[in-house]
Amino acid sequence: MKILLVEDDLPTASVLSDVLKAEYYTVELATDGQKGLALASLSNFDLILLDLLIPKLDGINLCRQLRAQGVQKPILLLTAKDHSHDVVTGLDAGADDYVTKPYDISELLARIRALLRRGQTELTPSLLRWENLCINTVSAEVTYQDKVISLSPKEYSLLGLFLRHPQRVFSRSEIIDRLWSIDTSPSEGAVTNLIKDLRHKLKTAGMSAELLETVYGLGYRLKTVPQTQQTDITITAKRQTAIASIKKTLERYKDTFHQRVSLLEQAAQALQQGQLSSKLRQQTSQEAHKLAGTLGSFGYSTGSKLAQSIEHLLIQDKNLTSQDAVKLSQLITQIQETLTQPPTSSTLEQFVNIQLPLVLAINDQSFNHQLKTEAVNWGMQIEVAMNWESIQHQVSQLPKVILLYLNEQASMPKSLQLLNQLKQQFPKIPIFVIAEQENLTQRVAVARAGVQGFLSNPNTREVFQVITQVLPKTPAHPAKVMILDDDPMMLEILSNILLSWGLQVKTLQNPQKFWEALVETQPDLLMIDLEMPTYSGVDLCRVVRQDPHWRNLPILVVTAHKDMKSVQQVLAAGADDFIGKPVVGTDLIHRVMSRIDRYRVQQQLLT
């Protein structure tokens, strides 16, 4: 970025100029107000550093003239005059900030960075990214796949210029104007060599994708980040692996249901004989609680409700009677009968339905067939609807993107009517209209309808590239979720579902090792079971909220207790949300992802 420094004291100007250049800024020096005015009018600067007491035209009048000419770039005044009247005069003249001499150089640089951020149309983040390439604008460090790349000051400035303006074409003369001072202005061949050197260093660092494209006759532009199919294939492969893992979990733990029911039978027999100890009663209650959660997750919703009834029967604060013994035996028999039947809807089936983002394609069977053929390679699923009735009744889940195909046979008024119906039913979902041929009238009508985009006779790859731009991006650093549950079956179910969505998962079965695991994992979200031995979920929620470091960490409590008292207890202890057992895959993913997104935004703002 380019800074104009207006300072008549040469030693001061020389030191400050060297400091700024060490921070990868391009610096132009003017030793009086008239030269400063001329340079600011001729060249495009990102910021102006202006001393007040300078010859020919003082800083206050220079500032006023720049604003009168329409120069809107940030102006930072530097002066030894620290009276409040001088500060007010400088700011009223049009300056954005005011620093008195002698100044702390680190504070000055911080103020410069703040003004440069404010000078952008949008706030420029401290991290600029393109695929796996990253610039840390605070430390001036460039990395590719977390490996540091050594760049010259000009190469660093060139890279930052394009990453800050990803859609803009820069001519060679514009690049010279932004990167070099006027007295050292080189030929346009220097720009060609600079771009060549930058490309070579990036390639040497292992970057195969081309960063810059040549726009013939105009200059250079940052390329769009490639939407590689390999990434989507990898995501799809991970999810397929997760589905296989969930299947194995289902098969492996089916027999454990019968083992847990056997323990319930022992308790029933002991109760009938009047020998049910408090220890066995508590143990049986805990097993019933676990069954209530896991049976529902495996598709035995009726069995889950029966297990809840057993738990409620055993945890009542009263002596159990012979009638309670009969009721307990009846509930156990009903659970056994339920387990002889096949499950109705398993976690696996719920998960398969949500594993890939759904794209709803409407109106053209042949083109939709091509899309469906390639969809799996892009980590998506395509669902076809040929008319409005099928959209209303046959869509299996909420789509992430809608494609509306305008063919030659369809009348424009009818298509626009359908478009308006889609926008009413799916107000927050991106809609792309695909036309068979270029037609300005169609473009205008579609634009007036307020849809996301218009594609004229695209190929399938172009369609998927557009879709991927509006779908939620997989974060460069996967979020970490820590799950604490004393039931290994629930741990495995939850872990497999979250792993399939690209999350890193740490599981813990022993609550006594909770704090050690929390500090080691440093999660972005914490999932805790409510009912556990030694320490309950409520206990651990309170412990987390008492520590300033973890005060904002999202906590989701997993519980089979959905009554108002339990929910209020969970939220009062500091949990952000609760997930009821049996766990529903769609609900789990939605709650986890939304909490993680909020937490990451919050952490960025705090940082």
Side-chain angles (χ1 to χ4, degrees), residues 253-339 343 347 484-491 493-494 509 511 527-541 556-570 573 575 578-584:
Y253 284 109
K254 276 185 178 179
D255 292 338
T256 62
F257 295 144
H258 299 285
Q259 296 171 8
R260 289 180 173 177
V261 173
S262 297
L263 179 62
L264 300 183
E265 288 181 307
Q266 294 177 22
Q269 293 174 2
L271 180 58
Q272 290 172 355
Q273 299 169 2
Q275 298 177 355
L276 180 63
S277 65
S278 58
K279 181 179 180 181
L280 181 57
R281 179 174 175 172
Q282 182 181 7
Q283 185 180 1
T284 307
S285 175
Q286 291 174 352
E287 288 299 321
H289 175 79
K290 292 178 181 178
L291 272 174
T294 53
L295 280 174
S297 298
F298 280 81
Y300 296 101
S301 56
T302 301
S304 176
K305 293 176 182 178
L306 293 169
Q308 286 182 12
S309 298
I310 293 175
E311 181 189 8
H312 292 153
L313 177 66
L314 295 174
I315 63 175
Q316 293 176 4
D317 294 330
K318 68 168 189 176
N319 294 326
L320 296 176
T321 65
S322 57
Q323 291 181 342
D324 293 324
V326 173
K327 185 177 181 180
L328 177 59
S329 297
Q330 290 174 344
L331 291 171
I332 292 171
T333 300
Q334 290 174 336
I335 289 180
Q336 290 171 329
E337 292 175 354
T338 300
L339 291 175
T347 295
L484 173 60
D485 198 310
D486 63 317
D487 185 351
M489 195 186 310
M490 282 305 301
L491 278 180
I493 291 172
L494 296 172
Q509 190 176 346
M527 292 179 62
I528 307 179
D529 185 28
L530 181 61
E531 301 290 338
M532 293 181 294
T534 312
Y535 305 127
S536 69
V538 170
D539 291 331
L540 297 180
C541 275
L556 270 61
V557 171
V558 184
T559 176
H561 297 302
K562 304 174 188 177
D563 58 283
M564 185 58 66
K565 181 179 179 181
S566 298
V567 172
Q568 289 176 344
Q569 184 185 25
V570 163
F578 76 97
I579 298 176
K581 294 180 181 179
V583 174
V584 178

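Keep in mind the model is a prediction, meaning the values are calculated, not measured.
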Looking at every non-hydrogen atom in both residues, tell me the closest pair between [X] and [Y] and how far apart they are.
X: V538; Y: A573; answer: CG1-CB, 3.7 Å
X: A267; Y: T284; answer: CB-OG1, 3.2 Å
X: A270; Y: L280; answer: CB-CD2, 4.1 Å
X: Q509; Y: P488; answer: NE2-CD, 3.5 Å
X: A307; Y: I335; answer: N-CD1, 3.9 Å
X: I579; Y: M527; answer: CD1-CE, 4.3 Å

Which value, rounded to the nearest 0.5 Å, describes the distance between [X] atom [atom1] and [Y] atom [atom2]?
X: I528; Y: L484; atom1: CD1; atom2: CG; result: 6.0 Å
X: D487; Y: I493; atom1: CG; atom2: CD1; result: 8.0 Å
X: I332; Y: E337; atom1: CD1; atom2: CD; result: 12.5 Å
X: L264; Y: L306; atom1: CG; atom2: CG; result: 11.0 Å
X: K327; Y: I310; atom1: NZ; atom2: CD1; result: 10.5 Å
X: S309; Y: Q334; atom1: OG; atom2: CD; result: 8.5 Å

Just one of L530, D529, L540 clears the side chain to side chain contact (heavy atoms under 4.5 Å, CB included) bar with V557, so which one?
L530
Side-chain contact, heavy-atom cut-off 4.5 Å: R260 with M489?
yes
Contact between L314 and D324 at the side-chain level, heavy atoms closer than 4.5 Å - yes or no?
no
Residue Q323 excluded, over 12 heavy atoms near CD under 6.0 Å:
no
State whether the side chain of S285 and the backbone N or O of R281 hold a donor-acceptor pair below 3.5 Å, judged by distance alone.
no
